[in-house]
Amino acid sequence: VVAKATDKPTTILEVGFGTGLGMTATFEALSSSPNAINFLSLEIDRTLVDFFFSNHRDFPGEWTSVAGLEVFQGKR
C-alpha cells in the first residue's frame, strides 16, 4: 500500500475500525506522500469510534448522516 500510495491517490477500505490502530499506522506511514489518501473504515460499535476520536484530537471530524446511516467524517 505504501508504494502504491506514493505514486498516485489511494483509497483504502478497512473492515473493523476497532481502536483506530490501522488508520493511525497508515497515516504515519504515508505522512510524506504528496497524494490524496481516502481512508474508509467500517465499524459496528460507535462507542469505539467515539472513544478514539475523543482521545485523538489530531484527527478532527464530525458525525453526519448519509443515506440514513451515521457516518464519522474525518477532516485531516
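For the numbers below, each heavy atom of this structure counts, side chains included, while hydrogens, waters and symmetry mates do not.
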Q. Is the closest side-chain heavy-atom distance between Ile12 and Leu40 below 4.5 Å?
A.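 Not touching, per the 4.5 Å side-chain cut-off.
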
Q. Do Leu30 and Asn35 have side chains that get closer than 4.5 Å, going by heavy atoms?
A.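 When only atoms from C-beta onward are counted, Asn35 and Leu30 do not touch, as no gap falls below 4.5 Å.
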
Q: Kindly determine whether Leu13 and Leu42 satisfy side chain to side chain contact (heavy atoms under 4.5 Å, CB included), including the steps that lead there.
A: CA-CA 8 Å; Leu13 173 61; Leu42 307 174; 4.1 Å; yes

Q) After noting the C-alpha distance and the side-chain angles of Arg46 and Trp63, does the key distance pass the side chain to side chain contact (heavy atoms under 4.5 Å, CB included) rule? A) CA-CA 10 Å; Arg46 179 179 173 154; Trp63 285 101; 3.0 Å; yes

Q: Name the orientation class of the two ring planes belonging to Phe17 and Phe52 (parallel below 30°, tilted from 30 to 60°, perpendicular beyond 60°).
A: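 Judged by the thresholds at 30° and 60°, the geometry between Phe17 and Phe52 is perpendicular.
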
Q) Glu14: what forms a side-chain hydrogen bond (donor to acceptor under 3.5 Å, both in side chains) with it, not counting sequence neighbours? A)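 Glu14 satisfies side-chain hydrogen bond (donor to acceptor under 3.5 Å, both in side chains) with Ser41 only.
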
(Q) Hydrophobic clusters here meaning ILVMFWY residues chained together by side-chain heavy-atom distances under 4.5 Å, can you tell me if Phe72 and Phe39 are in one? (A)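 Yes, same cluster.
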
Q) Which atom pair, heavy atoms only, marks the closest approach of Asp45 to Glu43? A)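 That would be N-OE2, 3.1 Å.
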
Q. Can you name the closest pair of heavy atoms from Leu21 and Thr24 and give their distance?
A.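 In this case the closest contact between Leu21 and Thr24 is O-OG1, 3.1 Å.
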
Q.
Within this structure, what is the CG-OG1 distance for the pair Asn55 and Thr19, rounded to the nearest 0.5 Å?
A.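 Answer for the CG-OG1 pair, Asn55 versus Thr19, is 11.5 Å.
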
